[in-house]
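Take a look at the structure set out below.
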Amino acid sequence: MPSHPQSPSPGGAPQLRRLGLEEAAAMLAAGGIVIFPTETLYAIGCRADKAPACTRLCALKGRPHGSPLPLLAADVVQAATAVRLDAAPAALVERFWPGPLSLLLPALPALAPEARNAEGLAALRVTSHPLAAKLAALAGGALTASSANFSGAAPAAHADELDPALLAALARESKDTGLLAARFPEEEPRGGLPSTLVQPLSGGRALRLLRAGSVSAEALKTAGFRLEA
């Protein structure tokens with residue numbers, strides 16, 4: 001699908017280009033920034049190993065320093081290029097990926113500083129969203145997937161809910177920015193809770209619950225995992 005060029009809106013603000021899948025992936029691979037749908041909400045992201053893009057994205061959102069960008073991967077193979085999967089119980093990965101469970105794991109050196117915390121850990125999930133998974137696969141690396149809003153503002157579950165001020169700011173920021181919108185009902189975010197975030201602890205089946213979300217504590221316990229404070 002060809003992109004639509006940036007042009008002034010009736011109010012004079014530039015319009016963010018709408019992209020097809022292949023163009024969006026190529027833009028991300030080259031260090032650009034794209035808004036795209038995920039399981040729950042629209043995200044704004046870039047390749048997690050493109051440090052300049054991550055810096056630009058955090059500045060655009062007004063994201064606080066020291067708040068690492070969450071990541072998503074197309075599959076387990078791609079996830080293993082971003083974090084140390086050997087630090088996660090294999091049974092946890094097999095049971096809950098792809099899906100809305102993010103794991104806090106040691107980051108690999110290629111990740112941008114904005115994608116890791118002070119301890120060198122990154123929060124990553126393998127996405128179950130069909131369009132997001134294709135985008136990450138074609139882009140050639142794990143993507144950052146922060147909600148598509150200014151920090152502290154309301155997130156968007158539909159393209160028409162995206163903040164016009166954010167879209168205009170992204171359009172002004174650079175030519176290598178755009179919007180990959182859902183084209184079919186199955187590509188629309190479903191809304192609801194964000195991904196659950198856990199940190200695997202030593203002991204194989206022990207997890208620290210860092211953020212409640214779509215995967216309930218009960219589901220984790222039923223799968224045989226022990227939650228610790």
**Request:** Please report the closest heavy-atom contact between Ala145 and Phe36, naming both atoms and the distance.
**Result:** CB-CZ, 4.4 Å
**Request:** Start with the C-alpha gap between Arg211 and Ser195, add the side-chain angles, then the distance that decides, and say whether side-chain hydrogen bond (donor to acceptor under 3.5 Å, both in side chains) holds.
**Result:** CA-CA 8 Å; Arg211 181 184 67 214; Ser195 67; 2.8 Å; yes
**Message:** Using 0.5 Å steps for rounding, measure from the NZ atom of Lys50 to the OG1 atom of Thr144.
**Reply:** 13.0 Å
**Fill in**
Distance col, row Leu170:CG vs Asp163:CG, nearest 0.5 angstrom, shows 11.5 Å
**Asked** With a 4.5 Å limit on heavy-atom distance, are the side chains of Leu131 and Arg183 in contact?
**Response** yes
**Asked** Can you tell me if Glu39 uses its side chain to pair, donor with acceptor, with the backbone of Ser128 under 3.5 Å?
**Response** yes
**Item:** Partner residues of Lys61 under the side-chain contact (heavy atoms from CB on, under 4.5 Å) criterion, sequence neighbours left out
**Value:** Ile44, Leu57, Arg63, Ser146, Ser147, Asn149, Ser151
**Cluster link Leu108 to Leu72, ILVMFWY, side chain under 4.5 Å** = no
**Prompt:** Do you know the tightest heavy-atom contact between Leu28 and Gly45?
**Reply:** CD2-O, 3.5 Å
**Distance-minimising heavy-atom pair for Ala133 and Ala74** = O-CB, 3.3 Å
**Item:** side-chain contact (heavy atoms from CB on, under 4.5 Å) assessment of Leu16 paired with Ile35
**Value:** CA-CA 10 Å; Leu16 188 64; Ile35 292 175; 4.2 Å; yes
**Prompt:** Just wondering, do Ser214 and Leu193 contact through their side chains at under 4.5 Å, heavy atoms?
**Reply:** yes
**Interatomic distance, Lys134 atom NZ to Thr127 atom OG1 [nearest 0.5 angstrom]** = 12.0 Å
**Item:** For Leu227, the rest of its hydrophobic cluster, which grows through side-chain links under 4.5 angstrom
**Value:** Leu71, Val76, Val83, Leu85, Leu92, Val93, Phe96, Trp97, Leu101, Leu103, Leu105, Leu111, Leu124, Val126, Val198, Leu207, Leu209, Val215, Leu220, Phe225
**Complete:** Separation between CG (Leu197) and CZ (Arg208), nearest 0.5 Å, reads 11.0 Å
**Smallest separation among heavy atoms of Gly31 and Arg56, with atom names** = O-NH1, 3.3 Å
**Complete:** Residues Met27 and Ile33: closest non-hydrogen pair is SD-O, 4.2 Å
**Message:** Nearest 0.5 angstrom please: Arg116 CZ to Leu69 CG, how far?
**Reply:** 12.0 Å
**Message:** Let me confirm one number: the CZ-CG distance from Arg84 to Leu121, rounded to the nearest 0.5 Å.
**Reply:** 10.0 Å
**Item:** Counterpart residues, side-chain contact (heavy atoms from CB on, under 4.5 Å), relative to Ala24 (two or more places apart)
**Value:** Leu19, Val34, Leu135, Leu180
**Asked** Does Ala181 offer a backbone N or O that forms a donor-acceptor pair with the side chain of Arg18 under 3.5 Å?
**Response** no
**Message:** Show the nearest heavy-atom pair for residues Pro100 and Arg190, with the distance to one decimal.
**Reply:** CG-NH2, 3.9 Å
